[in-house]
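One structure is given below, encoded as C-alpha cells.
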Amino acid sequence: MITISARITVNPKDTASYIAGAQKILAPTHAEEGCLAYSIAVDIANPNIVCIFEHWASEDALMLHLSLPHVGEFLALAATLDIEDMQVTKYEVSGYGPLQLDI
C-alpha cells in the first residue's frame with residue numbers, strides 16, 4: 001500500500017479557489033480502482049492550510065491516478081494559484097492495523 005500525506009499552504013486570496021478545485025476531484029478519485037482512501041481537509045487552526053491524505057493499493061494505482069484528466073485539470077488550476085508552501089510525503093506501507101486507545 002502507498003500512502004501520500006500532503007500539507008499545502010495557500011495564499012489567503014487563493015484558498016477558496018484551491019478548495020473549490022480540490023472538491024471537484026474527490027468523486028472521480030474515489031471511483032478509481034486502487035483508491036483505498038482519499039481525503040482533503042482544511043486545518044482548523046489555519047484555514048489557508050489544506051491537508052490531503054491518500055491511500056493506494058499499489059504504486060501503479062497511484063501513477064494511473066496522477067495521469068488522469070481530473071488530476072491534470074486540478075494541477076493546472078493549482079499552478080495558477082499562489083501556493084506558499086507544499087510538503088508532500090510518500091510512504092510505502094508494509095503493514096497496518098487498528099490503533100487501540102484507552103480513553
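Along the sequence shown, residues are numbered consecutively beginning with 1.
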Given Tyr38, which partner from the list His55, His65, His70 fulfils the ring-ring contact (aromatic ring centres under 6.0 Å, His included) test?
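Answer to the ring-ring contact (aromatic ring centres under 6.0 Å, His included) test with Tyr38 among His55, His65, His70: His65.
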Checking side chain to side chain contact (heavy atoms under 4.5 Å, CB included) for the pair Gln100/Asp102: CA distance, chi angles, key distance, verdict?
CA-CA 7 Å; Gln100 300 296 324; Asp102 294 326; 5.6 Å; no
Exercise. Show the numbers, then the answer: is there a side chain to side chain contact (heavy atoms under 4.5 Å, CB included) between Asp60 and Leu64?
Key: CA-CA 6 Å; Asp60 288 342; Leu64 177 60; over 6 Å; no
Shared hydrophobic cluster, [X] / [Y] (ILVMFWY, side-chain heavy atoms < 4.5 Å):
{"X": "Leu26", "Y": "Leu68", "answer": "no"}
{"X": "Val71", "Y": "Leu36", "answer": "no"}
{"X": "Ile25", "Y": "Ile83", "answer": "yes"}

Can you measure from [atom1] ([X]) to [atom2] ([Y]) and round to the nearest 0.5 angstrom?
{"X": "Leu75", "Y": "Leu66", "atom1": "CG", "atom2": "CG", "value": "7.5 Å"}
{"X": "Phe53", "Y": "Ile4", "atom1": "CZ", "atom2": "CD1", "value": "11.5 Å"}
{"X": "Tyr18", "Y": "Thr80", "atom1": "OH", "atom2": "OG1", "value": "11.5 Å"}
{"X": "Leu77", "Y": "Ser17", "atom1": "CG", "atom2": "OG", "value": "6.5 Å"}

Near Met86 CE, under 6.0 Å, is it more than 12 heavy atoms from other residues, nucleotides or ligands?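 Incorrect, the count does not exceed 12.
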- Kindly check if the number of other-residue, nucleotide or ligand heavy atoms within 6.0 Å of CD1 (Ile44) is above 12?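 Not more than 12 within 6.0 Å, no.
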Result block: side-chain N/O donor-acceptor pairs under 3.5 angstrom for residues 6-14, not counting sequence neighbours:
unit_1	atom_1	unit_2	atom_2	d
Asn11	OD1	Lys13	N	2.9
Asn11	ND2	Asp82	OD2	3.0
Asn11	ND2	Glu84	OE2	3.1
Asp14	OD2	Asp82	N	2.7

Self-check item: Considering all heavy atoms, the nearest Ser58-Ile2 contact
Solution: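 Residues Ser58 and Ile2, closest heavy atoms: C-CG1, 3.7 Å.
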**OP:** Kindly give the heavy-atom pair with the smallest separation between Gly34 and Ala61, and that separation in Å.
**Re:**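 Smallest interatomic distance, heavy atoms only, reads CA-CB, 3.9 Å.
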Before you tell me yes or no, could you show the steps for Ile49 and Val42 under side chain to side chain contact (heavy atoms under 4.5 Å, CB included), namely the whole-Å CA-CA distance, both residues' side-chain angles and the distance that decides it to 0.1 Å?
CA-CA 6 Å; Ile49 295 175; Val42 175; over 6 Å; no
For the rings on Tyr91 and Tyr96, is their centre-to-centre separation under 6.0 Å?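 No, ring centres 6.0 Å or more apart.
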Inset, instruction - Please determine which of Thr3, Ile40, Leu62 meets the side chain to side chain contact (heavy atoms under 4.5 Å, CB included) test together with Glu54. - result: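 For Glu54, the side chain to side chain contact (heavy atoms under 4.5 Å, CB included) test succeeds with only one of Thr3, Ile40, Leu62, which is Leu62.
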Exercise for review: Decide yes or no on side chain to side chain contact (heavy atoms under 4.5 Å, CB included) for Lys90 and Glu59, but give the supporting numbers first.
Suggested key: CA-CA 10 Å; Lys90 180 177 94 170; Glu59 180 81 18; 3.0 Å; yes
